[in-house]
Amino acid sequence: MQKNGWLKVMRYLSWLTQVGFSMAAPLILLLLGAHWLVNSRGWGVWVYVAAIVLGIGAGASSFAQFAGFFQRQMQEKPDGDSSSLDASKKKK
């Protein structure tokens, strides 16, 4: 595989890990916050349900934003190679 091919693979891998982290982090953080509220403040177990609903909603919103970004990237160049170096070379 050529160097340019490996760069594409690494770019897609970084996008995949970013979208995975962006979807999982809100849910995990909200569940940790709900656990703290239930144990230290004595709130009811309903807080877990609210945390799950809000966490899934935040993850879905993050995924929707990423899908829009990815779609715009694919429309700019069909092969997905839209590096800033190419744009700067064209300006000169």
Tell me the closest heavy-atom pair linking Gly59 and Met23, and the distance in Å. O-CG, 3.5 Å
Linking Ile, Leu, Val, Met, Phe, Trp and Tyr by side-chain heavy atoms under 4.5 Å, what else ends up with Trp46? Leu27, Leu31, Trp36, Leu37, Val38, Trp43, Val45, Val47, Tyr48, Ile52, Ile56
Inter-residue atom distance Trp6.CH2 - Leu13.CG, 0.5 Å rounding: 10.5 Å
Can you give me the closest heavy-atom contact between Ala51 and Leu30, atom names plus distance? CB-O, 3.5 Å
Under the ring-ring contact (aromatic ring centres under 6.0 Å, His included) rule, collect the residues that match up with Phe69, sequence neighbours excluded. Trp15
To the nearest 0.5 Å, how far apart are CZ in Phe70 and CD in Gln75? 11.5 Å
Do the rings of Phe63 and Phe66 sit parallel, tilted or perpendicular, given the 30° and 60° boundaries? tilted
Let me confirm one number: the CD-CD distance from Gln71 to Glu76, rounded to the nearest 0.5 Å. 12.0 Å
Same hydrophobic cluster for Phe21 and Leu54, using side-chain heavy-atom links shorter than 4.5 Å among ILVMFWY? no
Partner residues of Ser22 under the side chain to side chain donor-acceptor pair (under 3.5 Å) criterion, sequence neighbours left out: Gln18
